[in-house]
Number of protein chains: 2
Amino acid sequence: MTRLLLIDDEQRFARALAISLRPHGYEVDVATTGEEGLALAASTHPDVVVLDLGLPGLDGLEVLEGLRAWTRVPVVVLSARHSEPSKVEALDAGADDYVTKPFGMEELLARLRAAQRRGAGGAPEEGVVETKHFSLDLSAKRAMVDGEVVRLTPKEWQVVTMLVRNPGKLVAQRQLLQEVWGPQYETETDYLRVFLASIRRKLEPVSGRPRYFITEPGMGYRFEP
Amino acid sequence: MTRLLLIDDEQRFARALAISLRPHGYEVDVATTGEEGLALAASTHPDVVVLDLGLPGLDGLEVLEGLRAWTRVPVVVLSARHSEPSKVEALDAGADDYVTKPFGMEELLARLRAAQRRGAGGAPEEGVVETKHFSLDLSAKRAMVDGEVVRLTPKEWQVVTMLVRNPGKLVAQRQLLQEVWGPQYETETDYLRVFLASIRRKLEPVSGRPRYFITEPGMGYRFEP
DNA sequence: GGTCCCCGTCAAGCCGTCGTGAAGGTGTTG
DNA sequence: CAACACCTTCACGACGGCTTGACGGGGACC
């Protein structure tokens with residue numbers, strides 16, 4: 001769920017927009033003044049901000065500057081003003097995008113996705129698998145056992161990754177062989193035996209009695225968290 | 001100086017735009033077909049791309065996909081189409097912004113600045129990486145080992161930068177080759193071996209036994225802070 | 001209780017990958 | 001034109017991961 005902060009003084013418009021955004025996976029907080037917007041941003045740490053420029057009191061640009069003083073959260077500016085200078089001003093003040101009213105909902109959603117995509121850094125944080133005895137950082141390709149770094153070979157990583165991505169589920173031998181070694185190795189179950197032995201030696205507390213990487217005879221393997 | 005790649009088939013329009021952009025600090029390369037655009041992107045490594053959707057031959061969206069396959073360079077899409085679906089399509093294909101013709105020059109410049117700001121800022125570019133044996137100033141492109149200034153070549157800097165920006169994380173060989181040398185070099189692992197050897201000679205206390213730039217055989221390299 | 005199949009373990013050999021040094025090419029600078 | 005820095009390419013030895021085979025254990029079925 002993505003936290004979205006909407007700063008807009010027109011309550012009816014804001015409420016309508018919030019309602020339109022929620023079904024698309026956004027958890028929307030609404031602020032109706034600039035001050036409230038800054039306060040909410042500080043307290044809720046939104047993943048993306050939608051900021052209407054036409055605010056009474058604290059001006060929209062000042063809100064933008066207030067945000068940029070401490071965060072790089074993606075900000076999409078809404079405005080009824082089509083004039084070029086105000087676009088330039090907002091973008092140079094640190095806005096990520098500038099959408100003029102009236103706008104299409106689909107376009108706003110697409111621009112929100114684009115703004116967020118880069119905010120996230122493009123590197124989708126992949127899961128870290130933790131058990132009592134070891135932890136696997138799939139994106140960093142790093143395994144730790146009792147605080148010690150353990151190195152896995154490429155094939156070992158591929159097998160382990162497939163298993164831990166389906167926690168508790170049975171992964172068929174054929175599936176493992178196809179995806180790791182290729183479709184023509186479908187029947188080489190020897191490989192799996194050797195590699196599972198190696199994986200258990202490196203990760204299991206007692207490799208002779210597996211607790212995490214379980215064999216289902218004749219079928220496949222299962223990762224038990 | 002910012003390298004900008006302009007991909008547009010209307011030569012007169014492209015030339016005019018290029019001339020307008022140059023005084024604002026852009027070094028502009030122009031491609032008049034999608035194929036040429038992809039080739040130029042791979043060889044010149046632009047800091048920002050302006051892509052006209054209305055291309056003959058290879059479609060603008062296909063060019064965008066070709067770029068996104070290997071680089072996260074900011075892409076601003078130009079289009080005569082105001083329709084919402086084409087905006088959504090382009091933004092979801094990885095465009096950073098979508099500007100409809102006709103547009104004001106100042107707005108385009110502002111949107112280019114905004115797109116670039118994020119592209120450059122996603123990772124802490126200005127950071128200084130410190131270890132017990134050396135320090136790297138990424139923004140100043142300056143390396144110090146035991147208080148002595150050490151010179152790194154451009155390619156060495158690119159490789160080192162990619163690695164230290166992901167401390168502790170494994171960076172795949174393909175990823176390094178694609179982003180430093182370009183997508184068509186993704187199998188030339190020879191380059192990496194040579195450059196890593198050179199980097200280690202310059203930065204590692206004992207280049208024979210690397211402590212900071214670790215090889216993960218068959219997978220890639222890792223910077224260990 | 002015997003047989004068979006599947007599994008786990010170990011060890012040996014092969015081959016791919018890595019690190020290194022050096023040569024050749026290219027573009028730049030003085 | 002010479003000197004230089006940088007990149008590309010190649011060859012060679014060393015290392016390590018992958019493959020392969022042999023062996024023993026355990027459970028299912030007869």
Side-chain angles (χ1 to χ4, degrees), chain A residues 141 143 150-161 163 170-174 176-182 184-222, chain B residues 42-45 141 143 149-161 163 170-182 184-224:
Chain A
K141 292 246 185 302
V150 173
R151 295 170 71 132
L152 300 187
T153 70
K155 287 254 185 331
E156 286 166 5
W157 266 112
Q158 292 185 63
V159 172
V160 167
T161 301
L163 290 174
L170 175 80
V171 180
Q173 297 172 340
R174 231 181 256 166
L176 282 164
L177 289 164
Q178 275 193 7
E179 297 213 14
V180 176
W181 278 267
Q184 64 272 35
Y185 292 83
E186 242 183 38
T187 56
E188 302 287 334
T189 55
D190 287 349
Y191 296 179
L192 288 179
R193 290 210 305 276
V194 176
F195 275 83
L196 260 295
S198 170
I199 288 167
R200 284 168 178 150
R201 251 197 313 279
K202 292 182 179 179
L203 297 181
E204 291 276 2
V206 186
S207 81
R209 226 153 327 200
R211 168 174 171 181
Y212 298 105
F213 297 98
I214 313 295
T215 301
E216 300 284 353
M219 306 175 62
Y221 296 87
R222 177 199 311 279
Chain B
S43 59
T44 68
H45 285 261
K141 296 253 179 295
V149 174
V150 173
R151 286 174 50 88
L152 297 188
T153 71
K155 286 257 187 326
E156 286 166 5
W157 266 113
Q158 292 185 62
V159 172
V160 167
T161 300
L163 290 174
L170 180 103
V171 182
Q173 297 169 342
R174 236 180 249 165
Q175 202 181 338
L176 281 164
L177 289 164
Q178 280 190 355
E179 297 213 13
V180 175
W181 277 268
Q184 66 272 38
Y185 291 85
E186 69 174 18
T187 58
E188 301 289 332
T189 55
D190 287 352
Y191 296 180
L192 287 180
R193 291 211 305 277
V194 175
F195 275 82
L196 260 294
S198 170
I199 288 167
R200 283 168 179 150
R201 257 197 306 279
K202 293 181 179 179
L203 297 181
E204 290 276 2
V206 186
S207 81
R209 208 128 6 133
R211 167 174 170 181
Y212 297 106
F213 297 98
I214 312 295
T215 301
E216 298 284 355
M219 299 192 290
Y221 296 88
R222 183 197 307 278
F223 170 65
E224 199 72 47

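Numbers restart at 1 for each chain; the letters A, B, ... are given by sequence-line order, proteins then strands.
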Inset, instruction - May I ask you to say what R151(A) touches in the nucleic acid, namely base, sugar-phosphate or nothing, with a heavy-atom cut-off under 4.0 Å? - result: nothing
Legend entry - Neighbour count >12 (heavy atoms, 6.0 Å) for atom CZ, R222(A): yes
Inset, instruction - Quick one: label Q173(A) by what it contacts on the DNA or RNA (base, sugar-phosphate, nothing), any heavy atom closer than 4.0 Å. - result: sugar-phosphate
Inset, instruction - Would you mind reading off the distance between F213(A) atom CZ and dG8(C) atom C1', rounded to a whole angstrom? - result: 16 Å
Inset, instruction - Measure from CD1 on I214(A) to P on dC6(C) and round the result to the nearest Å. - result: 21 Å
Inset, instruction - Take R200(B) and T215(B) through the test side chain to side chain donor-acceptor pair (under 3.5 Å) and record every step on the way to the result. - result: CA-CA 11 Å; R200(B) 283 168 179 150; T215(B) 301; 2.7 Å; yes
Inset, instruction - Would you sort out whether W157(B) and K141(B) count as a side chain to side chain contact (heavy atoms under 4.5 Å, CB included), showing the intermediate values? - result: CA-CA 7 Å; W157(B) 266 113; K141(B) 296 253 179 295; 3.8 Å; yes
Inset, instruction - Please tell me which of L152(B) and P217(B) maps to the more 5' nucleotide of DNA chain D, matching each residue to the nucleotide holding its nearest heavy atom. - result: L152(B)
Legend entry - chain B footprint on DNA chain D, 5' to 3' - any atom under 4.0 Å from a heavy atom: dC6(D) to dT9(D)
Inset, instruction - Check whether any side-chain nitrogen or oxygen of R201(A) sits under 4.0 Å from OP1 or OP2 of dT9(C), and answer yes or no. - result: no
Legend entry - Sub-6.0 Å ring centroid separation between F213(B) and Y221(B): no
Inset, instruction - Taking only Lys NZ, Arg NE, NH1 and NH2, and the carboxylate oxygens of Asp or Glu, determine whether E216(B) and R151(A) approach each other closer than 4.0 Å. - result: yes
Inset, instruction - Answer yes if the ring centres of F195(A) and W181(A) are under 6.0 angstrom apart, and no otherwise. - result: yes
Legend entry - Contacting residues from residues 185-199 of chain A, given that a heavy atom lies under 4.0 angstrom of DNA chain D: Y191(A), V194(A), F195(A)
Inset, instruction - Kindly say if T215(A) contacts the phosphate of dG8(C), meaning a side-chain N or O under 4.0 Å from OP1 or OP2. - result: yes
Legend entry - Donor-acceptor contact below 3.5 Å, side chain E204(B) vs main chain R211(B): yes
Legend entry - Terminal helix-axis angle for the helix from dG1(C)-dC30(D) to dG30(C)-dC1(D), with five pairs defining each axis and rounding to 10 degrees: 30°
Legend entry - Working for side chain to side chain contact (heavy atoms under 4.5 Å, CB included), residues Q158(A) and E179(A): CA-CA 9 Å; Q158(A) 292 185 63; E179(A) 297 213 14; over 6 Å; no
Inset, instruction - Decide salt bridge (Lys or Arg N to Asp or Glu O under 4.0 Å) for K202(B) and E156(B); before the verdict, give the C-alpha distance in whole Å, the side-chain angles of both, and the deciding distance to 0.1 Å. - result: CA-CA 10 Å; K202(B) 293 181 179 179; E156(B) 286 166 5; 2.8 Å; yes
Legend entry - Spacing of E204(A) atom CD relative to dT9(C) atom C1', expressed in whole Å: 15 Å
Legend entry - Non-hydrogen atoms of L203(A) and A143(A) that approach each other most closely: CD2-CB, 4.4 Å
Legend entry - side chain to side chain contact (heavy atoms under 4.5 Å, CB included) between L152(B) and I199(B), intermediate numbers included: CA-CA 8 Å; L152(B) 297 188; I199(B) 288 167; 5.5 Å; no
